[in-house]
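Taking it in order: structure first as structure tokens, then the write-up.
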Amino acid sequence: MSKILNTYNRKKISFTKGKGSYLYASNGKKYLDFCAGIAVCSLGHANDYLIRSINKQSKKLWHVSNVFTIPEQEKLAKRLTQKTFADYVSFQNSGAEATEAAIKFARRYFYSKGQPRKNRVLCINNSFHGRTIAAIFASNSKKATEGFGPKVDGFDHFNFGDHKSLEKAITKRTAAIMVETILGEGGIKVIPDVCLKGLRKLCNKKKILLILDEVQCGVGRSGKFFAFEDAKIKPDIVPIAKGIGGGFPIGAVLVNKKVASGMKPGTHGSTFGGNPLAMSAGNAVMDVMFKKGFLKNVSKNGKYFIYQLNKIKSKYPRIIKEVRGKGLLIGLCLHVNQANFIQKLLDNNLLTVRAAENVVRLLPPLNVKKNEINKALEIIEKVCKTYK
Ligand SMILES: *Cc1c(COP(=O)(O)O)cnc(C)c1O
């Protein structure tokens, strides 16, 4: 019997190795992995370049404290700022830590401006910002918060798409609005570009900060390095994690100068955050992702995948209700039972993962090949056919 605390509804299947978009199971079968560790394995499994980079670093230096200068960390931070809106980066180890740090930085900014009561963060109901005690109450889903009271104060909420309740929820005490640019766990719900622009304007008008949680949709997943880029806006704070380490746990928060001004030595820290081994993974992922054409290809493959999925949808309108997403962050909103559908895909050697609103997420590695997408499409159509 398993000695692992029972917090996951685990499938029996386990894997012995991976290569590219494929995972090899202990049952001898080979699976097409369109779960990718939930948008983590951005370069697929056992990527040669990542392996070399980590191997090389592992022979030199794994860990030193952040009380010392870490050149590999300086390098990744420099690249993240050169490529994005950000002026500074703070490294963590996971998405939840990054979103929590984002909340801290927002509060601290207003504190440093002599407005310590301006400390509330406005979030979307049933979103997902991680599983730590503050993050679950920021996310505000029943599933994540039930039994974990007392409720952590400091968060207000509005419903996805409800512009009126959003404006009404902003008070003198609001420090920031924090939303996922594309809601992942919440069901692959894309915030339209006009709404992102509107959010930026609203934050400017109310003199509050805009935090865009790109832990899932960021780092190339949307076809751009950040999902908000198409809206041509600049957020103030952006937590990232999942894809940046390509499978090595890394979290980071990107901030602009303004937000950075609120922080000083001693105000935040992390023992493991940004250690040399982690940074070798992060830097390698950046090397690949900023090669010419890489992100364009993600976008192109995403468009192709979504177009073909919509074709399947129109053939099976009583099974697939809606195809959602952007880039290679794709959700199939189903009429039929989600767990059943995922099991049938698995029985046909395609790995996927659930999201809220009866959605099946398709999250292939970002370097997935077109013939692998075609294979997945075949399997999805085959599974649709099994329903009468
Ligand atoms: C996964 C996720 C998190 C939490 O990341 P962990 O690494 O699991 O702590 C936070 N925000 C979003 C949008 C996520 O998808």
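Because the structure is predicted, anything quoted here is derived from the model rather than measured. Counting starts at 1 for both ligands and their atoms, following the listed order.
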Inset, instruction - Would you check the N or O atoms of Gly95, main chain and side chain alike, for any that come under 3.5 Å of an N or O of ligand 1? - result: yes
Legend entry - Between His163 and Phe158, ring centroids under 6.0 Å: no
Inset, instruction - Without swapping roles, check the side chain of Ser53 against the backbone of Tyr49 for a donor-acceptor pair under 3.5 Å. - result: no
Legend entry - ligand 1 to Glu180 polar contact by distance, N or O atoms, under 3.5 Å: no
Legend entry - Among Lys143, His129, Arg361, Arg354, side-chain hydrogen bond (donor to acceptor under 3.5 Å, both in side chains) partner for Glu185: Arg361
Inset, instruction - Check whether any side-chain heavy atom of Pro276 sits under 4.5 Å from a side-chain heavy atom of Lys60, and report yes or no. - result: no
Inset, instruction - Give me the ring orientation class for Phe228 and Phe226: parallel if the planes are under 30° apart, tilted from 30 to 60°, perpendicular past 60°. - result: parallel
Inset, instruction - Could you list the atoms of ligand 1 found under 4.0 angstrom from a heavy atom of Asp213? - result: 10 (C), 11 (N), 12 (C), 13 (C)
Inset, instruction - Decide, yes or no, whether a salt bridge links Asp156 with Arg173 under the criterion of side-chain N to carboxylate O below 4.0 Å. - result: no
Legend entry - Nearest non-hydrogen protein atom, atom 12 (C) of ligand 1: Phe128 O, 3.3 Å
Inset, instruction - Could you tell me whether a side-chain N or O of Asn349 sits under 3.5 Å from a main-chain N or O of Lys30, the two making a donor and an acceptor? - result: yes
Inset, instruction - Would you mind finding which of Glu97, Gln92, His129, Glu100 brings a heavy atom closest to atom 10 (C) of ligand 1? - result: His129
Legend entry - Heavy-atom nearest neighbour in the protein, as seen from atom 15 (O) of ligand 1, with distance rounded to 0.1 Å: Lys242 NZ, 2.6 Å
Legend entry - Gln216 N/O to ligand 1 N/O under 3.5 Å: yes
Legend entry - Element-labelled atoms of ligand 1 that are located less than 4.0 Å from some non-hydrogen atom of Ser94: 7 (O), 9 (O)
Inset, instruction - Could you find the nearest protein heavy atom to atom 9 (O) of ligand 1 and give me its residue, atom name and distance? - result: Ala96 N, 2.7 Å
Legend entry - Distance-only N or O hit between ligand 1 and Ala241, under 3.5 Å: no
